[in-house]
Protein chains: 2
Amino acid sequence: MATSTVENYVKQIYLLQPQAGPSHLVAMGELAAALAVVPGTATSMIKTLAEAGLVDYEPRAGVRLTSRGEKLALHVLRRHRLVELFLVQTLKMDWAEIHDEAEQLEHVISDRVLERIDALLGHPTVDPHGDVIPSAAGSMPRRRLVALHDLEPGTSGVVGRIADQADAFLQFIDQQELRPGRGLEVVARDTLGRMVRARLDHGREVSLGFGAAAKIEIEV
Amino acid sequence: MATSTVENYVKQIYLLQPQAGPSHLVAMGELAAALAVVPGTATSMIKTLAEAGLVDYEPRAGVRLTSRGEKLALHVLRRHRLVELFLVQTLKMDWAEIHDEAEQLEHVISDRVLERIDALLGHPTVDPHGDVIPSAAGSMPRRRLVALHDLEPGTSGVVGRIADQADAFLQFIDQQELRPGRGLEVVARDTLGRMVRARLDHGREVSLGFGAAAKIEIEV
DNA sequence: TTCAAGATTTTGACTACTCAAAATACAAAC
DNA sequence: GTTTGTATTTTGAGTAGTCAAAATCTTGAA
Ligand SMILES: [Mn+2]
Ligand SMILES: [Mn+2]
Ligand SMILES: [Mn+2]
Ligand SMILES: [Mn+2]
């Protein structure tokens, strides 16, 4: 069985490899920084993962997941995201505090427990941040989302995903009532002033600079 | 923060030290067997725990928890038992499969999550096996339970705890509808034949040999 | 009192991470 | 075509657990 460390490494490589494009290599420095270890640690650990057939390692170039590695990464991601949703939905936890909890729980949730949680939540497809939950089979449907600052006035849609998941930004989104699922219509867009204004589905209006709006992805 | 290993050791020492009586020492061999490690491993690990102030170690005699060690043990036990109840109650899992799940989960449940689960379950006092759940403050009320085979005919009570928690026995208890909470009245007791007969609160009657009845503890 | 059996501890070795610091490779600038 | 800066790898060392097997108690019989 894969240790927590191994699971964290493959999950992180998966998250760092760009969504589109042909299988691109993840640089060791980038991986080490994301996992908060020194580069030498990442190098030695990656050799172990390559040995185990979870990654392809090209010295001085980077790593890429093998199909076995990607399968494991998606399984960990499924556990992580279902747990996050469970914590918010069932245990009514604050959405800023769930990530760290899920970071630990993702390694000890058995398949039996996982499928129970999935059933309890009604087989959800996205987590509280709007990230897609991989299916038990390991497939992950791609969604068409557009950044809020790219929407023309008059366009309406639903908040689909919050791209910046730092505590402070999540707290801000909560304040502004812009959590995934919220419907909205863009009422103004000022490219020179670099800001957008949107009317939410319960009437309230919010103004955001392009910097913030870029991190809010909309399902049109 | 204590590692899973440390938590398992202190919890196991707690469970092995006899409920009543003055602080008795737990033998290394007994501890090693319960934790499924070789005796030498237990010895070296216990030295580490003694170093950390969690146990008092008397070479060639045994170990005893310090008050800090007991506090940690009770905290782990609270997590274990609340998780077990949660798995049965909320996730509708089979009570024979919950122990191993709880064995892992008990090490990664934060206090925040734990208190949420506690609230969701309505601040329960016993787990699915009838074991008392320590309070958040670390107190554990003692219950007065009598083994079923010691009850005189005519006595009635409620199943309080199943002392033998091996899978097979739990399955049997389930079959016989004798889970904790079930009311019953002893209708016959044969000391020579070494068996008892009880009428359950929904009418059904069951006969048990003293060997099995001894493992079913009743709240009179 | 002596001794053998059983329990316990010690020793030496191994796995899985991890870091600090030195060595090396690469690529871009001069 | 060097030089220099940055990323990466290597080396050496340490922590936490674990086992196999040898050494060492302790104790109850003989
Ligand atoms: Mn994790
Ligand atoms: Mn998420
Ligand atoms: Mn455990
Ligand atoms: Mn239990």
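Note that these values count all heavy atoms, side chains included, but never hydrogens, waters or copies made by symmetry. Convention: sequence-line order gives letters A, B, ...; per-chain numbering from 1.
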note: Leu31(A), atom CG; dT9(D), atom P; distance rounded to Å ~ 11 Å
Contact check, residues 34-42 of chain A vs DNA chain D, heavy-atom distance under 4.0 Å, returns Pro39(A), Gly40(A)
The answer to which of Arg60(A) and Met45(A) contacts DNA chain C further toward the 5' end, by nearest nucleotide, is Met45(A)
From the list Lys11(B), Arg79(B), Arg78(B), side chain to side chain donor-acceptor pair (under 3.5 Å) with Glu106(B) holds only for Lys11(B)
query = Hey, are His24(B) and Gln17(B) close enough side-chain-wise for a donor-acceptor pair under 3.5 Å?
reply = no
Can you find a side chain N or O atom of Lys47(A) that sits less than 4.0 Å from OP1 or OP2 on dT10(D)? yes
Here the distance between atom P of dA16(D) and atom CD of Glu7(B), to the nearest Å, is 15 Å
When rounded to whole Å, the CE to P distance for the pair Met28(A) and dT18(C) reads 13 Å
### Message
On the nucleotide dT18(D), are OP1 or OP2 found under 4.0 Å from the side-chain N or O atoms that Ser44(B) carries?
### Response
no
Rounded to the nearest 0.5 Å, the CD atom of Gln165(A) sits from the NZ atom of Lys215(A) at a distance of 12.0 Å
Hey, are the side chains of Leu31(B) and Ile46(B) touching, using non-hydrogen atoms and a 4.5 Å cut-off? yes
Sorted by number, residues from residues 8-15 of chain A placing a heavy atom under 4.0 Å from DNA chain C are Tyr9(A)
Assign the ring pair His80(B) / His99(B) to parallel, tilted or perpendicular, where the plane angle (0 to 90°) is split at 30° and 60°. tilted
Tell me, yes or no, whether the heavy-atom count around Arg194(B) atom CZ, taken from other residues, nucleotides or ligands under 6.0 Å, exceeds 12. no
What I'd like to find out is whether the side chain of Tyr57(B) reaches to under 4.5 Å of the side chain of Arg64(B), using heavy atoms alone. no
- Does OP1 or OP2 of dT9(C) have a side-chain N or O of Tyr57(B) closer than 4.0 Å? yes
* Do the rings of Phe86(B) and Phe86(A) sit parallel, tilted or perpendicular, given the 30° and 60° boundaries? -> perpendicular
Kindly say if Thr5(A) contacts the phosphate of dC17(C), meaning a side-chain N or O under 4.0 Å from OP1 or OP2. yes
